[in-house]
Amino acid sequence: MTVFLCGFMGCGKTTVGKLAAKKLGCGFCDTDDLIVEDQQMSIPDIFAQKGEPYFRRVEADIVKGVCGKAAVVACGGGAMLDPDTAKAASEAGVVVFLDADFETCYERICNDKNRPIAASSTKDELRERFDKRRVLYLAHSDVQIDCGGSPIETADKIVESVKKLR
């Protein structure tokens with residue numbers, strides 16, 4: 001089964017995803033890393049040279065390409081906003097929304113030059129994006145996990161939820 005982690009930038013998808021994969025005894029991948037490898041350029045360069053719509057198409061293809069693999073997949077913050085991508089992921093496994101509060105996410109992303117959207121947005125703009133995306137994450141996920149605890153506690157919640165759905 002493929003476990004897709006979705007949530008806002010900085011919610012901890014990669015950190016807890018690695019822990020959850022280890023506990024589930026399966027592989028782990030991060031779609032952003034797969035995109036960089038596939039495109040042979042950084043995410044900021046993709047955004048600058050080819051634009052966000054191009055990036056989103058590549059991201060959708062990458063997500064669909066990992067469907068069916070026995071892995072925990074940390075998806076980019078925008079991956080599950082596309083209904084077709086979310087549907088493909090849900091049909092291939094389980095989509096887990098990592099629900100972290102805005103301030104925590106903002107603290108983690110505010111100075112990250114590798115996140116073009118965060119680097120080019122004000123805090124208020126990011127808050128607005130966070131609020132809009134949260135509604136979509138809820139709509140396109142099978143499970144919602146509160147990320148208020150430690151990464152290990154969050155990983156344990158993921159594992160517990162996935163085992164219930166198997």
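Keep in mind that what you see is a predicted model, and the values were worked out from it rather than measured.
Side-chain atoms of T31 come within 3.5 Å of backbone N or O of G76 as a donor-acceptor pair. Not one N or O on the side chain of H140 forms a donor-acceptor pair closer than 3.5 Å with the backbone of A86. E153 places a side-chain N or O within donor-acceptor distance of the main-chain N or O of S150, the cut-off being under 3.5 Å. A donor-acceptor pair under 3.5 Å is formed between the side chain of Y137 and the backbone N or O of G77.
Contact of the D99 side chain with the R134 side chain is registered, since non-hydrogen atoms from C-beta on lie closer than 4.5 Å. Residues Q144 and L138 are in side-chain contact: their nearest non-hydrogen atoms beyond the backbone lie under 4.5 Å apart. Counting heavy atoms from C-beta on, the side chains of C29 and L34 come closer than 4.5 Å. Here the side chains of F8 and I109 are in contact, with some heavy-atom distance below 4.5 Å. In this structure the side chain of F4 never reaches within 4.5 angstrom of the side chain of V94, judged on heavy atoms. The closest side-chain heavy-atom distance from I43 to N114 is not below 4.5 Å. Two residues are said to be in side-chain contact when any heavy atoms from C-beta on lie closer than 4.5 Å; I145 and S161 meet this criterion. In this structure, the side chains of V143 and K157 stay at 4.5 Å or more apart for every pair of heavy atoms.
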With side chain to side chain contact (heavy atoms under 4.5 Å, CB included) as the test, would you mind laying out the steps for M9 and L126 before giving the verdict?
CA-CA 10 Å; M9 299 172 278; L126 287 171; 4.0 Å; yes
Take D142 and S90, measure what side-chain hydrogen bond (donor to acceptor under 3.5 Å, both in side chains) needs, and give me the verdict at the end.
CA-CA 7 Å; D142 302 305; S90 189; 3.1 Å; yes
What do the steps show when you test I117 against F47 for side chain to side chain contact (heavy atoms under 4.5 Å, CB included), and what is the final call?
CA-CA 9 Å; I117 291 172; F47 268 71; 4.0 Å; yes
Would you please test Q39 and D45 for side chain to side chain contact (heavy atoms under 4.5 Å, CB included) and show each step?
CA-CA 10 Å; Q39 296 294 299; D45 286 345; over 6 Å; no
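Judged purely by distance below 3.5 Å, without hydrogens or angles, the side chains of E59 and Y54 never pair a donor atom with an acceptor atom.
Taking OG of S141 as the start and CG of L136 as the end, the distance is 10.5 Å to the nearest 0.5 Å. R115 CZ to S121 OG: the interatomic distance, rounded to the nearest 0.5 Å, is 12.5 Å. In this structure, CZ on R133 lies 11.0 Å from SG on C11, to the nearest 0.5 angstrom. Residue M1 holds its CE atom at 12.0 Å from NZ of K163, rounded to the nearest 0.5 Å. Note that CZ of R56 and OG1 of T85 are 10.0 Å apart. Values are rounded to the nearest 0.5 Å.
Cluster annotation: L5 and L24 are assigned to the same hydrophobic cluster (Ile/Leu/Val/Met/Phe/Trp/Tyr, side-chain heavy-atom contacts under 4.5 Å, transitive). When the side chains of ILVMFWY residues are joined at heavy-atom separations under 4.5 Å, either directly or via intervening members, F28 and M80 end up in two distinct hydrophobic clusters. Both L81 and F55 are members of a single hydrophobic cluster when ILVMFWY side chains are connected at heavy-atom separations under 4.5 Å.
Applying the ring pair (Phe, Tyr, Trp, His ring centres under 6.0 Å) test to every pair with at least one member in residues 147-166, sequence neighbours left out, gives no pairs at all. Under the salt bridge (Lys or Arg N to Asp or Glu O under 4.0 Å) criterion, the residue pairs touching residues 10-33 are K23-D156, with sequence neighbours excluded. A ring pair (Phe, Tyr, Trp, His ring centres under 6.0 Å) check over residues 147-166, counting only residues at least two apart or in different chains, returns nothing.
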Which atom pairs, donor and acceptor, lie under 3.5 Å between side-chain atoms of residues 61-75 and protein residues at least two apart or in another chain?
none

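When the shell of 6.0 Å around CD of E103 is examined, it contains more than 12 heavy atoms from other residues, nucleotides or ligands. The neighbour count for K87 NZ, taken as heavy atoms of other residues, nucleotides or ligands under 6.0 Å away, does not exceed 12. In this structure, I152 places its CD1 atom where only 12 or fewer heavy-atom neighbours from other residues, nucleotides or ligands lie under 6.0 Å away.
Remark: E128 pairs with K132 by the side chain to side chain donor-acceptor pair (under 3.5 Å) rule, at least two apart or across chains. Applying the ring-ring contact (aromatic ring centres under 6.0 Å, His included) criterion to F102, with sequence neighbours excluded, gives Y106, F130.
We find that E160 and K164 are joined by a salt bridge, their nearest charged nitrogen and carboxylate oxygen being less than 4.0 Å apart.
Nearest heavy-atom pair across V36 and S42 is CG2-CA, 4.3 Å. Of all non-hydrogen atoms in V95 and A89, the two that sit nearest each other are CG2-CB, 3.7 Å.
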